[in-house]
Amino acid sequence: GAVAANEDAVRRTVEALSGKDKLVPVIGAGISIAAGIPSGLSLMHEMRLRLVQLAETQALRDKFRDRVQAIKDSLRSDACVPSFEWVMGLYSDLYTPNDLYEWLRVRIPAKNTIRRVPPYFPTFAHEILAHFAAAGLIKYMITTNFDEILETAFEEEFGNPGYVSIASESEFARFAANQISEWDREIGEPAPKCYLLKPHGTISRQLSLRHTATQVAAFSASKQIVLQRILDGGLLVLLGFGNYNEDFWLLFGQASRPFSDVVIVGPQANTVCQPFSLEGPATHIYCYSGTCDDFFHEITVTLYGSRSDID
């Protein structure tokens, strides 16, 4: 479909929030980077430097034997940068999955550690998403981030329990077995204000994480079922994504495209929109080239008159 720019992206989002249709935010790394979380690229670079140092050790030679030279070449090559998942998987193989998890947990905050790490506080975008959930304007959100800053914003806005986080394989299987209309009854009273879907897992639960090449190579049917039900007929709002890969399309149903329109928010929005423009049905695409915080400032001014009116 045709691509529309900033003011149309704001208008279309406000229409959905006002009840025209279901709005489903899909939250990427950009919104967490704005809160101080290191990007996947910076984490990969840090670990890659560490692994380059380890490449000359006897431990690596003993562990990988005939693969040592290929691993060294991959780590040192600027022409072919390995993926985040490949680097994480190599570290996990060299040490243990527990060692990798501890390394990540130091750098990515769980919700009960955020207050002890001053840079990691919810941004305005996190806060307004929580506010919209509390007001009944957004019922479902999807995030590919490991961190739990959004959960912190939820608990500050409407308490705990007030939302349901779906992150593990068993949780996705449980919800895939029920239609969305049955989810609140399955949870019981009081019904949650929001369901937060985390198909890549969450940092406080080690076994839920998808962070190595082996784990990313498989994406379960139950996750795809749940995500496509959430997106069915909704306005998809992508927040803080800079690029796409095959795994991204697995998340959102490359073949079926269950959503109606797409709003893409972030400085690279015009680049990100290309897969939607070139593939799939006639979807209207709206690009907002500012930050996620700027986008939600405009949304709140349109809805409430000023940001202060939301308090």
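Note on Leu100: it clusters hydrophobically with Tyr95, by side-chain heavy-atom contacts below 4.5 Å among ILVMFWY residues.
In terms of the salt bridge (charged side-chain N to carboxylate O under 4.0 Å, His left out) criterion, residue partners of Asp21 (sequence neighbours excluded) are, by chain and number, Arg12. Applying the salt bridge (charged side-chain N to carboxylate O under 4.0 Å, His left out) test to Glu298 and every residue at least two apart in sequence or in another chain returns nothing. For the side-chain hydrogen bond (donor to acceptor under 3.5 Å, both in side chains) test, residues two or more places apart in sequence or in another chain that qualify with Glu15 are Arg11, Lys20. For Tyr163, the ring-ring contact (aromatic ring centres under 6.0 Å, His included) criterion is met by Phe154, not counting sequence neighbours. By the salt bridge (charged side-chain N to carboxylate O under 4.0 Å, His left out) test, Lys139 pairs with Asp184, sequence neighbours left out.
Note: His131 and Tyr304 meet the aromatic proximity criterion, with ring centroids under 6.0 Å apart.
With contacts defined as side-chain heavy-atom distances shorter than 4.5 Å, the pair Ser289/Asn6 qualifies. In this structure, Thr202 and Leu196 have side chains that are not in contact, with every pair of non-hydrogen atoms separated by 4.5 Å or more. Between Leu49 and His45 there is a side-chain heavy-atom pair separated by less than 4.5 Å. By the 4.5 Å heavy-atom criterion applied to side chains, Lys198 and Glu148 are counted as neighbours. Phe175 is not listed as a side-chain neighbour of Leu197, based on a closest heavy-atom distance of 4.5 Å or more. Annotation: side chain of Ile108 is in contact with side chain of Leu43 (closest heavy-atom distance under 4.5 Å). Counting heavy atoms from C-beta on, the side chains of Leu23 and Phe132 never come closer than 4.5 Å. Residues Pro199 and Arg210 are not in side-chain contact: their nearest non-hydrogen atoms beyond the backbone lie 4.5 Å or more apart.
Salt bridge annotation for Glu157-Lys193: absent, with no cationic side-chain nitrogen under 4.0 angstrom from a carboxylate oxygen.
Side-chain contact annotation: His126 with Thr123, donor-acceptor N/O pair under 3.5 Å present.
Between Tyr195 and Tyr140, the ring planes lie parallel to each other; the angle is under 30°, not in the 30° to 60° tilted range.
Val24 pairs with exactly one of Leu227, Leu231, Ile138 by the side-chain contact (heavy atoms from CB on, under 4.5 Å) rule, that one being Leu231.
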Residues 185-192 side chain polar contacts: donor-acceptor under 3.5 Å, at least two apart:
from: Glu186; atom 1: OE2; to: Arg174; atom 2: NE; distance (Å): 3.1
from: Glu186; atom 1: OE2; to: Arg174; atom 2: NH2; distance (Å): 3.4

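With hydrogens and angles ignored, the 3.5 Å screen pairs a side-chain donor or acceptor of Ser18 with a backbone N or O of Val14.
Atom CD of Glu182 is surrounded by more than 12 heavy atoms from other residues, nucleotides or ligands within 6.0 Å.
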